[in-house]
> 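I have a structure I would like to understand better, so I am pasting it below and will then ask my questions one at a time.
By convention here, the first residue in the shown sequence is residue 1. Just so it is clear, the values below take in all heavy atoms, side chains as well, and ignore hydrogens, waters and symmetry mates.
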Amino acid sequence: MNKYFQTLVICSLVTVSFIADAGKVVVRKSSEPFDAFAVRDQVQQDHQWQEMLRMQQQIQILQALPIGCLPIAVPYRYFNCSGRAYRPYSYQDQEVFIQIDSPEQSK
């Protein structure tokens, strides 16, 4: 094979690998109804859902504290549960507990 043909083959393979990573491609007939705004809204909702899941993984929220938690009032009201700290928070007329960085560690 000559150098030109080898270069052409390599460039073609690189181009195909980039195209394969482009994502999902949907082909439709022009006669089929298509609502681009509905697709945009669905993609946005999916993104918001993924962000909410990501944020939920970062924040630990308990509806009830584990047994043996110690209430601490200084510098503010929180509970120490085996080295983890939780602050009470009122949500929809219920008290839940959100994990926080321990104020003792931040001194």
> Taking only residues at least two apart or on different chains, which pairs with a member in residues 33-47 satisfy salt bridge (charged side-chain N to carboxylate O under 4.0 Å, His left out)?
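Checked against salt bridge (charged side-chain N to carboxylate O under 4.0 Å, His left out) - neighbours excluded - no pair reaches residues 33-47.
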> So do Gln44 and His47 actually touch side chain to side chain, heavy atoms under 4.5 Å?
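Heavy-atom side-chain distance check fails, nothing below 4.5 Å.
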> For this output row, return yes or no: ring centroids of Tyr78 and Tyr86 closer than 6.0 angstrom.
no
> For Ser102 and Ala85, which heavy atoms make the closest approach, and how far apart are they?
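Ser102 and Ala85 have their closest heavy atoms at CA-CB, 3.8 Å.
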> Flag yes if more than 12 heavy atoms outside Tyr76 fall under 6.0 Å of its OH atom; otherwise flag no.
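For Tyr76, atom OH is crowded (more than 12 foreign heavy atoms under 6.0 Å).
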> Under 4.5 Å between side-chain heavy atoms, hopping through other hydrophobics if needed: is there a path connecting Phe97 to Tyr91?
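No; Tyr91 is not reachable from Phe97 via cluster members.
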> Indicate the atoms forming the closest heavy-atom contact of Cys81 with Leu65, along with that distance.
SG-CD2, 4.1 Å
> Please list all pairs passing the salt bridge (charged side-chain N to carboxylate O under 4.0 Å, His left out) test where one or both residues lie in residues 63-78, with sequence neighbours left out.
Arg77-Glu95
> Measure across Gly83 and Asn80 and return the closest heavy-atom pair with its distance rounded to 0.1 Å.
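The answer is N-OD1, 3.1 Å.
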> What's the spacing between Ile100 CD1 and Tyr89 OH if we round to 0.5 Å?
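It comes to 14.0 Å.
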